[in-house]
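Data first, discussion second: the structure below is written as structure tokens.
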Amino acid sequence: MSSSINTPTHFIRNIIDQNKRGVTTRFPPEPNGYLHIGHAKSICLNFGLAEDYNGRCHLRFDDTNPHKENAEFIEAIKRDVTWLGYTWGGEPRFASDYFEQLYQYAVELIKKNKAYVCDLSAEETRVYRGTLTERGKDSPYRNRSIDENLDLFARMRAGKFTDGQCVLRAKIDMAAPNINLRDPAIYRIRHGVIHHQTGEAWCMYPMYDFTHCLSDAIEAITYSLCTLEFEDHRPLYDWFLDTLAVPCHPQQIEFSRLELQYTITSKRKLSQLVDEGVVANWDDPRMPTIAGLRRRGFTPASLRDFCRRIGVTKSENNVEMSVLESCIREDLNDNAPRRMAVLHPLKVVLTNYDEDKTEKISAANHPQKEEMGQRTVPFSRELYIDREDFREEAPKKFKRLVIGGEVRLRNAYVIRCDMVVKDAEGEIIELHCSYDPDTLGKTPEGRKVKGVIHWVSAADAIPAEIRLYDRLFTQAHPDANSLEGNFLDYLNPDSLRTLTHCFVEASLASAQVEDHFQFEREGYFTVDPDHHQGQLVFNRTVTLRDSWAKIEKTG
RNA sequence: UGGGGCGUCGCCAAGCGGUAAGGCACAGGGUUUUGAUCCCUGCAUACCCAGGUUCGAAUCCUGGCGCCCCAGCCA
């Protein structure tokens with residue numbers, strides 16, 4: 001039944017294994033923003049469980065607060081779940097599909113003397129609720145008759161009251177130590193909002209606690225998985241289902257939400273980044289949204305692997321960025337074809353190479369996977385290499401190009417630097433080198449050349465824009481309560497560096513949006529949607545692991 | 001004694017009374033026309049603390065301590 005070798009077990013699987021009652025789960029996003037990496041954890045859990053246990057997982061929009069929701073988010077959410085590799089069978093569901101049934105359940109609650117219409121204002125309600133340590137006190141409207149409540153509730157629906165004039169409340173226990181049980185509101189009045197699904201059919205909307213458990217029951221969900229902050233709501237979840245005549249009673253199980261270091265996963269704050277223009281949009285490659293990660297160059301497989309690696313528990317899930325990076329590197333190392341691209345071009349002239357000559361050099365698309373084939377790269381007298389690969393004064397361990405030194409041009413010849421050409425300001429503008437014609441595909445005679453650098457032929461190279469991304473925040477926990485100030489104070493000013501004068505090898509002319517490549521020695525890159533003929537744009541997904549950077553840093 | 005939850009390596013995480021899996025990170029070494037990949041090796045006498053039960057405890061009991069969540073007519 002459960003777990004293959006690569007799906008580690010966890011406490012929820014253990015519960016399912018013990019229960020042996022089939023698996024129907026649901027992923028219930030509210031369409032008030034884009035899905036983020038934390039949702040990916042929930043998606044992989046819910047859809048993954050359904051897959052592994054031969055069950056079903058419903059995509060259900062929790063759309064009970066139309067004021068904050070819209071159709072654009074619905075489409076984005078469907079796209080992201082699909083992109084991650086999951087299907088929900090048929091049409092997505094909406095909590096709003098059940099509004100009429102929910103209304104009838106509310107009537108049933110009133111008839112059972114378990115709900116009442118309360119005229120207290122929001123502020124008064126707060127006072128009556130008590131505090132964490134002091135019990136609340138009963139609303140003066142708590143003992144209205146069933147008939148009066150039935151009439152009032154019908155008039156709420158009919159639009160006879162204004163926003164906030166009254167609410168329907170569950171009648172539970174104002175002295176309950178769990179605040180959620182102190183007669184929670186279950187319907188509130190909202191005039192004038194056009195609901196994206198139901199239009200103007202309703203002027204009042206059910207609250208989450210009432211809606212969620214009943215929607216689960218209506219859909220015959222067996223396991224209703226949610227995050228830890230809903231643990232306190234479970235007694236309420238169970239109370240509604242125990243009090244009402246429902247077809248089944250799903251089991252709510254809570255797990256800890258994902259915290260990814262150096263980013264945020266609060267929809268409110270992500271919205272703020274978009275609204276205030278801190279990032280370009282929800283799919284900005286710096287965003288931890290699924291759309292952002294996709295545009296950054298993450299693959300569905302890498303995200304699923306990430307969710308598998310981080311596990312599912314009830315303890316704090318405070319994950320280092322290195323885990324995510326490891327996942328995407330592992331996927332792309334296997335699957336991304338290699339290419340050469342020069343980010344900071346420095347011209348090299350091979351003084352002993354014929355001026356009119358161009359060779360077609362064959363280069364492997366993957367050093368370990370022959371089946372990925374070869375492509376040809378043009379080689380000529382004038383090339384570009386990266387400025388970082390040449391040093392006038394180099395530390396002893398530097399094994400790239402230095403004056404008088406030799407280096408291997410990846411896939412091509414060994415060259416020696418003979419002369420440095422500088423402009424009036426002393427800036428290096430080009431290097432004069434000579435190549436050894438006897439080193440194509442073979443090691444040179446009598447000497448060892450340790451360094452290998454990448455290059456592109458100047459005449460054939462295609463100009464490109466390359467966008468380098470770094471973490472969005474400078475603090476591991478930018479929204480931690482203990483940190484002074486606003487999370488916006490910890491924005492990383494270097495989270496995006498745009499390089500507009502890069503050169504990539506000719507074969508990249510045909511690259512398509514979302515294609516993945518390894519630019520050798522630089523990292524993994526993907527084609528940005530801004531990419532078009534005449535303007536190639538690549539996003540750096542992640543750098544290669546770089547032990548040289550460590551050596552240089554520590555000396 | 002407001003309620004709920006959590007505490008196993010720097011970060012995740014197995015473990016469910018029989019003597020601490022694994023991943024990431026980190027540190028060494030080997031191969032290499034990517035300082036990449038790959039391959040070895042190392043990395044908790046110790047499981048928040050203190051008592052107790054037991055031949056035996058991370059696992060059971062008792063008492064502490066620490067951290068997280070809850071006072072929306074948000075979800």
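Letters go in sequence order (proteins before strands), and every chain restarts at 1. The basis for the numbers below is simple: all heavy atoms, side chains too, and nothing from hydrogens, waters or symmetry mates. Values in this document were obtained by computation on a predicted structure and should not be read as measured data.
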| task | Give the rounded distance in Å between these two atoms: CZ of A/Arg309 and C1' of B/A21. | result | 16 Å
| message | Is the phosphate of B/G5 approached by A/Ser315 (side-chain N or O, under 4.0 Å from OP1 or OP2)? | response | no
| Pairs satisfying salt bridge (Lys or Arg N to Asp or Glu O under 4.0 Å), at least one member in residues 27-45 of chain A, at least two apart | none
| query | Under a 3.5 Å cut-off for both distances, is B/A21 Watson-Crick or wobble paired, and to whom? | reply | none
| When all nucleic acid strands are considered with a 4.0 Å heavy-atom cut-off, which category describes A/Phe61: base, sugar-phosphate, or nothing? | nothing
| message | Ring centroids only, cut at 6.0 angstrom: are A/Phe538 and A/Phe519 within range, meaning strictly under it? | response | yes
| query | The side chain of A/Thr133 lies closest to which of these nucleotides: B/A36, B/G2, B/G10? | reply | B/G2
| query | Looking at B/C12, B/U34, B/G5, which one has an atom nearest to any side-chain atom of A/Asn318? | reply | B/C12
| Side-chain donor or acceptor of A/Arg400 under 3.5 Å from a matching atom on the base of B/G35? | yes
| Going by an N to O cut-off under 4.0 Å, is there a salt bridge joining A/Arg13 and A/Asp17? | no
| said: Taking the C1' atom in each of B/A20 and B/A46, what is the distance between them to the nearest angstrom? | reply: 7 Å
| query | Looking only at atom C1', what distance separates B/G15 and B/A58, rounded to whole Å? | reply | 8 Å
| request: Remember a base hit wins even if backbone is also touched, and classify A/Lys399 as base, sugar-phosphate or nothing at under 4.0 Å, heavy atoms. | output: base
| query | How long is the line joining CG of A/Leu260 and P of B/C24, in whole Å? | reply | 17 Å
| Below 4.0 angstrom from OP1 or OP2 of B/A25, is there any side-chain N or O of A/Ser322? | no
| remark: As its Watson-Crick or G-U partner within any shown strand, both distances under 3.5 Å, B/G2 has B/C70
| field | Atom pair distance, as rounded to whole Å: CE in A/Met321 and C1' in B/C12 | value | 15 Å
| Separation of A/Ile15 atom CD1 from B/C16 atom C1', in whole Å? | 14 Å
| field | Residues in side-chain hydrogen bond (donor to acceptor under 3.5 Å, both in side chains) contact with A/Thr211, at least two apart in sequence or another chain | value | none
| task | Would you classify A/Gln518 as touching base, sugar-phosphate or nothing, given that sugar-phosphate means primed atoms plus P, OP1 and OP2, and contacts are heavy atoms under 4.0 Å? | result | base
| note | Separation of B/U8 atom C1' from A/His10 atom NE2, nearest Å, is 19 Å
| Which residues share a side-chain hydrogen bond (donor to acceptor under 3.5 Å, both in side chains) with A/Asp209, sequence neighbours left out | A/His233
| request: Remember a base hit wins even if backbone is also touched, and classify A/Ala549 as base, sugar-phosphate or nothing at under 4.0 Å, heavy atoms. | output: nothing
| message | Syn or anti for B/G72, given that syn means the glycosidic angle lies within 90° of 0? | response | syn
| message | What does the B/S/- profile of nucleotides 66-75 of chain B look like, 5' to 3', with a 4.0 Å heavy-atom cutoff to protein? | response | -SSBBBSBSB
| query | When the distance from CG of A/Asp305 to C1' of B/G22 is rounded to whole Å, what number comes out? | reply | 13 Å
| task | Look at all strands and tell whether A/Arg182 reaches a base, only sugar-phosphate, or nothing, counting heavy atoms closer than 4.0 Å. | result | nothing
| Does the side chain of A/Thr125 come within less than 4.5 Å of A/Val167's, by heavy atoms? | no
| Distance, rounded to the nearest Å, where A/Leu258 contributes CG and B/C11 contributes C1' | 12 Å
| field | Between P of B/A14 and CD1 of A/Ile310, the distance in whole Å | value | 12 Å
| Where each residue is assigned the nucleotide of RNA chain B containing its nearest heavy atom, which of A/Val312 and A/Leu409 is assigned the position nearer the 5′ end? | A/Val312
| said: Please name the nucleotide paired to B/G42 by Watson-Crick or G-U wobble geometry with both distances under 3.5 Å, or report none. | reply: B/C26
| With sequence neighbours excluded, residues passing salt bridge (charged side-chain N to carboxylate O under 4.0 Å, His left out) with A/Glu231 | A/Lys314
| message | Salt bridge check, A/Glu229 against A/Arg257: does any charged N sit closer than 4.0 Å to a carboxylate O? | response | yes
| Pairing nucleotide - B/G35, Watson-Crick or G-U, each distance under 3.5 Å | none
| said: Taking any heavy-atom pair under 4.0 Å as a contact, classify A/Lys442: base, sugar-phosphate, or nothing. | reply: base
| said: Using a 4.0 Å heavy-atom cut-off, does A/Gly441 contact any base of the nucleic acid, only the sugar-phosphate backbone, or nothing at all? | reply: base
| task | Scan for salt bridge (Lys or Arg N to Asp or Glu O under 4.0 Å) pairs involving residues 173-195 of chain A, sequence neighbours excluded, and state none if there are none. | result | A/Arg142-A/Asp183
